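Start at 1 with the first residue, then count along the sequence. Bear in mind the structure is a predicted one, so any value in this text is a computation, not a measurement.
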Amino acid sequence: MIYPKIPLAQSIIEICQAKGVHDIVISPGSRNAPLTIGFTNNPKFNCYSIADERCAAFFALGIAQQTRKPVAVVCTSGSALLNYYPALAEAFYSQIPFIVISADRPSDKIDIGDGQTIRQENVFINHSLYNANLTETASVANDVFINEAINVAIARKGPVHINVPFEEPLYETTNKLSVDFNITGLNISHRLVDVDDIIAYTTLWNYSNNILILVGECAPNAIEQEWLEKLAALPSVVVMTEATSNLHHPSFISNIDTLITPFTNADFLKLQPRILITFGGMIVSKRVKAFLRKYKPRHHWHIDEHRAYDTFGILTKHFQVEPNQFFKQFLPFIKKKESNYKDIFTVIQDKRKIKHAEYLSDVPFSDLKAFESILQGLPKEIQLQISNSSAIRYAQLFDIDKSIEVFCNRGTSGIDGSTSTAIGAAIGSRKPTVLITGDVGFLYDSNALWNNYIPKDFKIILINNGGGGIFRILPGHKEDETFNTYFETSHCLTAEHLAKMYLFDYAAVSDEASLKKGLQKLYKQNKKPMILEVFTPTRENNKLLLNYFKALV
């Protein structure tokens, strides 16, 4: 086997292999040559070459999102490293294991005017869980730092940074290892709920008539069905989920905005929960956040091994356990209390469903109507990736088949890497993958298509409404040049030539009939990746969406 001659590079590669870090995304460069040589010549690693560092990082994030194992990104020195930051921040807030390994110049080359040098040490300190700043020579101390970085990424589910200075020559190789590297063990302990807490908080639960459970982003099958059934059987408990929750039960409320947007102040007061229980990642719905911030519950418990955000300004208890462990210990002590809390929500939800169907049956072609057709027509057993901004919010208004796994980068809610993440996720999951994205997000991340690993059955549904349509439904919208240029970023671009350049199949549709035919074509062929571009009316979408919410009353 061929190894880099530099001992420090050998140590990093061997420790990564020993700790099960097998997926390596490499951004081409010179200073990282020792790492590139070592990783690519070792058959234990799955190596990918992605030229654009921002796309590379989101591609790696997508793999890690699916495998739940750390993926390493490797880059050269200088500004290349900074392009990893958006994906690293997403990993931080989405709790995804992620390892940045950056090649650096020796310390005496920094800030003297040498080429391709910046201050790389601790550059991600605000959003990384651990920063290993190595010295040039292999040493026990360096091995400790490398081990600790990888251990933290795995145990605490987040990003870490390993900064590695290399001096030239960089390309020399050897056929023998010259290091005796050290491996430190990984100790992951699964916490339990304290007995005193079980007694105190189950008592509080059993005295409460109105308990709301709000579920954020969760991996598919993260919660055991036994606990879902028991929660569903409690009249005093209402469970609200989102598309990204990947939890399904007939009694759960999945279209939160459809339900609560028409509420009056009297409705909010009547349905204000006494106890709010949350688990999972970030919440998409702005309306439910506004509801719970204004009509605060008396108690807010969050269940998560690592973090608890005070999203609603009333956090009273952080249970530092996995949700399954919490319900395993709690639910045996929960009594079925007589309450009409769930019944009230059920009656409202049934009425909303009728109004929803009535409005959609008569609405002209638009973003709203397009999402109805797209989500109803999805094949079963696929992975659905959804971009941020309008796309995920429209998706929240519709039911999605429970066999479909749904993902969205909601950690930072940025539009910058949705396509790259989706491609990486398709590779990580090995499932047929569909990405639904908007035009601005797609164009922003168009270098994602500069990628040699896109599966042949990967599909993109691109909603092109000529700009950032979400800004039209936000307060302060005015139809003038400033809004069109600087907020909506109006444009006349399409994906047709990008599709041709990157060897994607392509079709364009602009009405309901052509959309249905386009969807049939999209799912029929799997010989090459495809983009279906859906053109909708720029100036009508916001009006039709606002009228939708008014029609629900």
For [X] and [Y], test the side chains for any donor-to-acceptor distance below 3.5 angstrom and give the result as yes or no.
X    : Y    : value
S413 : N388 : no
T536 : N541 : yes
N246 : E405 : no
Y506 : E533 : yes
S387 : T437 : yes
N83  : D52  : no
S418 : Y444 : no
D23  : T67  : no
N163 : E121 : no
N151 : K19  : yes

Discussion item. Please evaluate residues K157 and E305 with respect to the criterion salt bridge (charged side-chain N to carboxylate O under 4.0 Å, His left out), reporting the C-alpha separation (whole Å), side-chain torsions for both, the decisive distance (0.1 Å), and the verdict.
Written reply: CA-CA 10 Å; K157 300 178 183 177; E305 279 190 294; 3.7 Å; yes
Kindly check if the number of other-residue, nucleotide or ligand heavy atoms within 6.0 Å of [atom1] ([X]) is above 12?
X    : atom1 : value
K69  : NZ    : no
F145 : CZ    : no
K500 : NZ    : no
N122 : CG    : yes

Worksheet item: Does NZ or CZ of R68 lie under 6.0 Å from the centre of the six-membered ring of F98, at an angle within 45° of the ring axis?
Response: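 Verdict for F98: no cation-pi partner in R68.
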Discussion item. Can you classify the ring geometry of H302 versus H318 as parallel (below 30°), tilted (30 to 60°) or perpendicular (above 60°)?
Written reply: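 Rings of H302 and H318: tilted, 30 to 60°.
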Worksheet item: Taking the inter-plane angle between the rings of Y309 and Y93 on a 0 to 90° scale, is it parallel (under 30°), tilted (30 to 60°) or perpendicular (over 60°)?
Response: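 Ring orientation of Y309 relative to Y93: tilted.
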Worksheet item: Backbone N or O of F45 within a donor-acceptor pair of the Q17 side chain at under 3.5 Å?
Response: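 No.
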Discussion item. Using the ring centroid of each side chain, check whether Y84 and H161 are separated by less than 6.0 Å.
Written reply: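 Between H161 and Y84, which both carry aromatic rings, the centre distance is not below 6.0 Å.
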Worksheet entry | Aromatic centroids of F59 and Y48 separated by under 6.0 Å |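 Distance test on ring centres: under 6.0 Å, yes.
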Worksheet entry | side-chain contact (heavy atoms from CB on, under 4.5 Å), paired with V164, selected from D104, I101, T135 |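 Filter result, single survivor: I101.
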Discussion item. Taking the side chain as everything from C-beta on, heavy atoms only, tell me whether V406 gets closer than 4.5 Å to E242.
Written reply: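 Result no, sub-4.5 Å side-chain heavy-atom pair not found.
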Item to complete: Look up atom CG in L493 and atom CG in D439, then write down how far apart they are to the nearest 0.5 Å.
Response: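 So the gap between those two atoms works out to 9.0 Å.
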Practice prompt. Quick one: pull up CG in N142 and CG in N182 and give me the separation to the nearest 0.5 Å.
Written response: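 Answer rounded to 0.5 Å: 11.0 Å.
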Discussion item. Evaluate S30 against Y171 for side-chain hydrogen bond (donor to acceptor under 3.5 Å, both in side chains), listing each step before the verdict.
Written reply: CA-CA 9 Å; S30 180; Y171 292 88; 3.1 Å; yes
Discussion item. Assess whether a salt bridge exists between R105 and E167, defined as any Lys/Arg side-chain N lying under 4.0 Å from an Asp/Glu carboxylate O.
Written reply: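 Looking at E167 together with R105, the answer is no, because their closest N to O distance does not fall below 4.0 Å.
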Worksheet entry | From CA spacing to verdict: side chain to side chain contact (heavy atoms under 4.5 Å, CB included), F124, V100 | CA-CA 10 Å; F124 302 127; V100 171; 3.9 Å; yes
